[in-house]
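Data first, discussion second: the structure below is written as structure tokens.
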Amino acid sequence: MLEHFAEELRLARASSGMSQTALAEALSYSGALVAKVETSERRPSLDFARRCDAVFSADGRFERIQRRISREAVVPWFRDWAAIEQETTALRWFEPVYVPGLVQTEGYARAILAGAGLFAADEVEQQVTARLDRQGVLTRTRPPLLTAVIDEYALRRHVGGPEVMREQLRHLVKIGSALPRVRIQVVPLSAGAYAGLDGPFVIATAASGEDVVFLDGQRHGQVIDRVEYVRQMVEVWESIRGEALSQQQSLDLIAEVAETWS
């Protein structure tokens, strides 16, 4: 699919009589990046694809190809969940160790993926791009309601260095304040032992109102839709939220911790 995008881009540019430099200017991207996309050396981002659609009046063709590329780039065991994530109306997400993927910055995501030691350098970049592309769900016309509860420990865990952490935490404050469908809450360290210490999970609600649970592991992920299990996880979720600070208190704490990363 990467080669398909490159071919379509070359054909569209040739049909329009545009040079790579002219196309780069029209897209507000560098000529070097356009050249790499046309030779399949660089995977196009969702924004790049959308700009191509606008420049060539392609009626979403480039975006459709890019989304297929993104699905292929996602590790196989994550693909089922990635598809559910894009179609859900609500996400209840708990993370005790990391900042949730849908609200990670590029630097933070790269530090996590590289630090895991599971991917080669080029694979890390592919996974970073795929993760950032997933975040488009939060700014689409009808985004899901995302409620992310994070353990305070995740705010203080050294990932990628002080600059990366400061940028990440400021990003959380920004989107938590600017996006009305994003709610971010923090379970403070003072909570002590609580239900969330058993591990991360996400509960997704479909348009039909049905819930499914996603459990993320080191090299695997599991989507569970058994009614009794989902009911139990909803109870765990409610218990965790009962330990969390309010939205504003959480954003204030995040902003405070951000300034300690200097």
- Query: Side-chain heavy atoms under 4.5 angstrom apart, residues restricted to Ile, Leu, Val, Met, Phe, Trp, Tyr: same cluster for L11 and F5?
  - Reply: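 No, separate clusters.
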- Item | Same apolar cluster: L189 and V99, side chain cutoff 4.5 Å |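 No, L189 does not connect to V99 through the hydrophobic network.
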Answer yes or no: is there a side-chain heavy-atom contact under 4.5 Å between [X] and [Y]?
{"X": "D211", "Y": "V213", "result": "no"}
{"X": "R131", "Y": "L113", "result": "yes"}
{"X": "L169", "Y": "Y108", "result": "no"}
{"X": "E38", "Y": "E7", "result": "no"}
{"X": "E106", "Y": "L132", "result": "yes"}
{"X": "I112", "Y": "Y98", "result": "yes"}
{"X": "T21", "Y": "V34", "result": "no"}
{"X": "C52", "Y": "L27", "result": "yes"}

Name every donor-acceptor pair, under 3.5 Å, that has one atom in a side chain of residues 154-164 and the other anywhere in the protein, sequence neighbours excluded.
unit_1	atom_1	unit_2	atom_2	d
R156	NE	E152	OE2	2.8
R156	NH2	E152	OE2	2.9
R157	NH1	Y153	OH	2.7

- Listed once per pair and sorted, the ring-ring contact (aromatic ring centres under 6.0 Å, His included) pairs that draw on residues 9-32, sequence neighbours left out: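 Every ring-ring contact (aromatic ring centres under 6.0 Å, His included) pair that includes a residue of residues 9-32, provided the two are not neighbours, is Y29-F48.
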- Task: Would you mind listing every ring-ring contact (aromatic ring centres under 6.0 Å, His included) that reaches into residues 165-188, with sequence neighbours excluded?
- Result: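 Residue pairs passing ring-ring contact (aromatic ring centres under 6.0 Å, His included), neighbours aside: none found.
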- Ignoring hydrogens and geometry, is there a side-chain-to-backbone donor-acceptor pair from S16 to M18 under 3.5 Å?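 No: the side chain of S16 does not pair with the backbone of M18.
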Atom [atom1] in [X], atom [atom2] in [Y]: separation rounded to 0.5 Å?
{"X": "E256", "Y": "D252", "atom1": "CD", "atom2": "CG", "answer": "8.5 Å"}
{"X": "S15", "Y": "E8", "atom1": "OG", "atom2": "CD", "answer": "9.5 Å"}
{"X": "I224", "Y": "L215", "atom1": "CD1", "atom2": "CG", "answer": "4.5 Å"}
{"X": "F214", "Y": "I84", "atom1": "CZ", "atom2": "CD1", "answer": "9.0 Å"}
{"X": "Q232", "Y": "R226", "atom1": "CD", "atom2": "CZ", "answer": "9.0 Å"}
{"X": "R10", "Y": "L23", "atom1": "CZ", "atom2": "CG", "answer": "13.0 Å"}

- Query: Y194 vs F94 aromatic rings, parallel, tilted or perpendicular, using cut-offs 30° and 60°?
  - Reply: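 Taking F94 first and then Y194, their aromatic rings stand perpendicular (interplane angle over 60°).
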- Message: Once you measure the plane-to-plane angle for F56 and F62, does it fall in the parallel (<30°), tilted (30-60°) or perpendicular (>60°) bin?
- Response: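 It falls in the tilted class, 30° to 60°.
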So which atom in [X] and which in [Y] form the shortest heavy-atom distance, rounded to 0.1 Å?
{"X": "S19", "Y": "A22", "result": "OG-N, 3.0 Å"}
{"X": "E243", "Y": "P188", "result": "O-CD, 3.4 Å"}
{"X": "S40", "Y": "A6", "result": "OG-CB, 3.5 Å"}
{"X": "Q247", "Y": "G176", "result": "NE2-O, 3.0 Å"}
{"X": "W237", "Y": "R92", "result": "NE1-CD, 3.4 Å"}
{"X": "P144", "Y": "V137", "result": "CD-O, 3.3 Å"}

- Message: Exactly one of T205, L102, L138, V182 should register a side-chain contact (heavy atoms from CB on, under 4.5 Å) with L91. Which one does?
- Response: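 The residue from T205, L102, L138, V182 that satisfies side-chain contact (heavy atoms from CB on, under 4.5 Å) with L91 turns out to be L102.
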- Just do the side-chain contact (heavy atoms from CB on, under 4.5 Å) check on R110 and V124 with the steps written out, would you? CA-CA 7 Å; R110 182 174 290 107; V124 167; 4.2 Å; yes
- Report the C-alpha distance between E259 and R166 in whole Å, list the side-chain angles of each, state the deciding distance to 0.1 Å, and finish with yes or no for salt bridge (charged side-chain N to carboxylate O under 4.0 Å, His left out). CA-CA 7 Å; E259 299 313 308; R166 186 166 58 252; 5.9 Å; no
- Enclosure of E238 CD (heavy-atom neighbours >12, cutoff 6.0 Å):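 Yes, enclosed.
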- CZ (R61) with more than 12 external heavy atoms under 6.0 Å: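 Buried by this count: over 12 neighbours within 6.0 Å.
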- Query: Is there a side-chain contact (heavy atoms from CB on, under 4.5 Å) between I254 and I184 once you walk through the steps?
  - Reply: CA-CA 10 Å; I254 295 170; I184 298 174; 3.9 Å; yes
- Would you sort out whether T89 and L145 count as a side-chain contact (heavy atoms from CB on, under 4.5 Å), showing the intermediate values? CA-CA 6 Å; T89 61; L145 175 61; over 6 Å; no
- Task: Answer yes or no: is there an ion pair linking E228 with R231, defined by an N-O contact shorter than 4.0 Å?
- Result: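 Yes, this pair counts.
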- Task: Mind running side-chain contact (heavy atoms from CB on, under 4.5 Å) on E95 and D151 for me, showing each step along the way?
- Result: CA-CA 6 Å; E95 281 286 354; D151 192 289; over 6 Å; no
